[in-house]
**Q** 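Please read through the structure below; I'll follow up with questions.
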Amino acid sequence: MKVINLGARHSVLNTYMSELRDVDYQRNRTLFRRNLARIGQVMAYELSRTLDYSEHPVTTPLGTKPTALIDDRIVVGTVLRAGLAFHEGFMQVFDKADSAFVAAYREEGSVEDMKIHLEYMAAPRLTGSTLLLCDPMLATGGSLELAYKAFLRAGEPAKVHLCVVLAAPEGIEALQKVFPGDDVTLWTADIDDHLNERAYIVPGLGDAGDLCFGEKL
Ligand code: PRP
Ligand code: URA
């Protein structure tokens, strides 16, 4: 698995990330979701540079312009709940893409013993598609791994991009084992220090799903 950390170079992403992390800004749920969507937009744009293109004639009122357009059949596959706002950012950029959804939530647990529940999956045919698997937080990696395996029931994608906002080294290491080759890319907007005993990313930003939508029971 290749890792592309967009946070390694300074950009406006730093502003969005700092607001996501900041406990004062976090009181504004609308802004929290909006920043996840904005990071999704930036990531989608960066990722678009790596897709396949072929030229098509576009007819203007005055002539014809050969234009390179995306060949990939993109499916934005999102892990609920926290993935919803991030998903919106990707869909604003790839507005013709199909969507796939899977719901996953972590039970309280430790890094070594985290139980993840997968409850719902809906996807179009994924065979031959370019799957962008989106979930803002990569902590232990368990949710992304289970989500990917659930999506395989809808067919094998030709290309897979894993898209997260914030990654922990432990989660990256876990996913390297699931995707040992160089054909899968992990995109992240930042990489933090470590996981704490409850498998939260430190310094991180807290519970992304709760910050988007309120505390779950
Ligand atoms: C968060 C996040 C990921 C998961 C990451 O979801 O959105 O899905 O944690 O952790 P992992 O890498 O250890 O699997 P959460 O379980 O908090 O559910 P929620 O989005 O419904 O709040
Ligand atoms: N999920 C979150 O929302 N935050 C973390 O730090 C880890 C998993």
Side-chain angles (χ1 to χ4, degrees), residues 1 3 5 7 16-23 25-27 29 31-37 39-40 43 76-90 99-123 131-151 160-179 184 186-217:
M1 181 180 79
V3 179
N5 177 11
Y16 306 157
M17 285 302 300
S18 70
E19 291 180 4
L20 280 181
R21 291 180 190 276
D22 188 308
V23 289
Y25 277 99
Q26 285 181 352
R27 280 195 270 275
R29 245 184 234 173
L31 181 63
F32 190 85
R33 293 193 301 265
R34 173 91 188 104
N35 277 323
L36 287 178
I39 294 169
M43 194 169 281
V76 181
T78 294
V79 183
L80 305 175
R81 276 181 313 170
L84 267 179
F86 197 35
H87 176 88
E88 180 55 30
F90 277 83
S99 293
F101 294 99
V102 63
Y105 65 90
R106 309 191 317 169
E107 245 181 27
E108 289 299 300
S110 65
V111 179
E112 296 77 29
D113 183 29
M114 177 61 70
K115 291 201 176 42
I116 295 164
H117 296 266
L118 216 94
E119 294 211 336
Y120 169 87
M121 197 278 278
L131 176 65
L132 317 186
L133 187 45
C134 301
D135 189 346
M137 308 302 277
L138 168 56
T140 64
S143 301
L144 268 184
E145 180 182 353
L146 279 184
Y148 175 69
K149 288 183 174 156
F151 281 147
V160 177
H161 293 269
L162 308 171
C163 304
V164 308
V165 169
L166 191 51
E170 293 90 332
I172 297 175
E173 203 182 313
L175 290 183
Q176 294 280 18
K177 292 186 185 130
V178 182
F179 304 105
V184 171
L186 171 72
W187 298 79
T188 184
D190 216 345
I191 299 174
D192 272 7
D193 298 345
H194 63 276
L195 296 178
N196 68 12
E197 65 289 347
R198 291 171 53 229
Y200 276 86
I201 301 172
V202 181
L205 52 79
D207 188 308
D210 288 3
L211 287 161
C212 282
F213 302 114
E215 245 175 76
K216 60 179 173 291
L217 291 177

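Counting starts at 1 for both ligands and their atoms, following the listed order. As a basis for the values below, the full set of heavy atoms in this structure was taken, side chains included, without hydrogen atoms, waters or symmetry mates.
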**Q** Answer whether the closest heavy-atom distance between the side chains of Ile172 and Glu170 falls below 4.5 Å.
**A** no
**Q** Please report the shortest heavy-atom distance between Gly206 and Met137, naming the atom on each side.
**A** O-CE, 4.0 Å
**Q** Around atom 21 (O) of ligand 1, find the nearest protein heavy atom and jot down its residue, atom name and distance.
**A** Arg81 NE, 2.9 Å
**Q** Mind listing the closest non-hydrogen atom pair of Leu205 and Leu211 along with its distance?
**A** O-CD1, 3.3 Å
**Q** Could you find the nearest protein heavy atom to atom 5 (C) of ligand 1 and give me its residue, atom name and distance?
**A** Met137 O, 3.3 Å
**Q** Check this for me - ligand 1, Asp135, N or O atoms closer than 3.5 angstrom, yes or no?
**A** yes
**Q** Closest heavy-atom contact between Glu19 and Tyr25?
**A** O-CB, 3.3 Å
**Q** Pair Val79, Cys134 - check side-chain contact (heavy atoms from CB on, under 4.5 Å), show working.
**A** CA-CA 6 Å; Val79 183; Cys134 301; over 6 Å; no
**Q** If we only count N/O pairs under 3.5 Å, is Pro136 in contact with ligand 1?
**A** no
**Q** Taking a cutoff of less than 4.0 Å between a non-hydrogen atom of the residue and any ligand atom, is Ala199 in contact with ligand 1?
**A** no
**Q** Compute both the distance and the angle, then confirm whether Arg106 meets the cation-pi test with Tyr200: under 6.0 Å from the six-membered ring centre, within 45 degrees of the axis.
**A** yes
**Q** Between the side chain of Arg33 and the main-chain N/O of Cys212, is any donor-acceptor distance below 3.5 Å?
**A** yes
**Q** Looking at Arg21 and Asp190, does any basic side-chain N land under 4.0 Å from a carboxylate oxygen?
**A** yes
**Q** May I ask you to decide if the ring planes of His117 and Tyr105 are parallel, tilted or perpendicular, using 30° and 60° as cut-offs?
**A** parallel
**Q** Give yes or no for whether the N/O distance cutoff of 3.5 Å, strictly under, is met between Gly141 and ligand 1.
**A** yes
**Q** List every atom of ligand 1 that sits less than 4.0 Å from any heavy atom of Asp207, numbering the atoms from 1 in the order shown and giving each element.
**A** 17 (O), 22 (O)
**Q** Please report the closest heavy-atom contact between Ala167 and Thr188, naming both atoms and the distance.
**A** N-OG1, 3.7 Å
**Q** Is the closest N or O pair between Ala139 and ligand 1 shorter than 3.5 Å?
**A** yes
**Q** If you have a sec, work out which protein heavy atom is nearest atom 4 (C) of ligand 1 and how many Å separate them, to one decimal?
**A** Ser143 OG, 3.5 Å
**Q** What does the contact table look like for ligand 2 (nitrogen or oxygen on each side, cut-off under 3.5 Å)?
**A**
| unit_1 | atom_1 | unit_2 | atom_2 | d |
| --- | --- | --- | --- | --- |
| ligand 2 | 3 (O) | Ala208 | N | 2.8 |
| ligand 2 | 4 (N) | Gly206 | O | 2.8 |
| ligand 2 | 6 (O) | Ile201 | N | 2.8 |

**Q** For ligand 1, is there an atom lying under 4.0 Å from some heavy atom of Lys216?
**A** yes
**Q** What do the steps show when you test Thr78 against Phe90 for side-chain contact (heavy atoms from CB on, under 4.5 Å), and what is the final call?
**A** CA-CA 10 Å; Thr78 294; Phe90 277 83; over 6 Å; no
**Q** Identify the two heavy atoms, one from Ile116 and one from Ala104, that lie closest to each other, and give their separation to 0.1 Å.
**A** CG2-CB, 4.2 Å
**Q** Which atoms of ligand 1 are found less than 4.0 Å from any heavy atom of Gly209?
**A** 20 (O), 22 (O)
**Q** Just which atoms of ligand 1 are under 4.0 Å from any heavy atom in Thr140?
**A** 11 (P), 12 (O), 13 (O), 14 (O)
**Q** Indicate the atoms forming the closest heavy-atom contact of Asp210 with Asp207, along with that distance.
**A** N-OD1, 3.0 Å
**Q** With heavy atoms only and a cut-off of under 4.0 Å, state how Leu144 meets ligand 1: side chain, backbone, both or neither.
**A** neither
**Q** Which is it for Ala104 and ligand 1 at heavy atoms under 4.0 Å: side chain, backbone, both or neither?
**A** backbone
**Q** In terms of residue, atom name and distance, what is the protein heavy atom nearest to atom 20 (O) of ligand 1?
**A** Ala82 N, 3.1 Å
**Q** Enter the distance from Phe151:CZ to Leu133:CG here, rounded to the nearest 0.5 Å.
**A** 6.0 Å
**Q** In ligand 1, which numbered atoms sit nearer than 4.0 Å to a non-hydrogen atom of Ile116?
**A** 14 (O)
**Q** Does the protein put a heavy atom under 4.0 Å from atom 1 (C) of ligand 1?
**A** no
**Q** For Glu173, does the CD atom have more than 12 heavy-atom neighbours from other residues, nucleotides or ligands under 6.0 Å away?
**A** no
**Q** Just to confirm my output: which protein heavy-atom neighbour is closest to atom 9 (O) of ligand 1, and how far is it?
**A** Arg106 CD, 3.7 Å
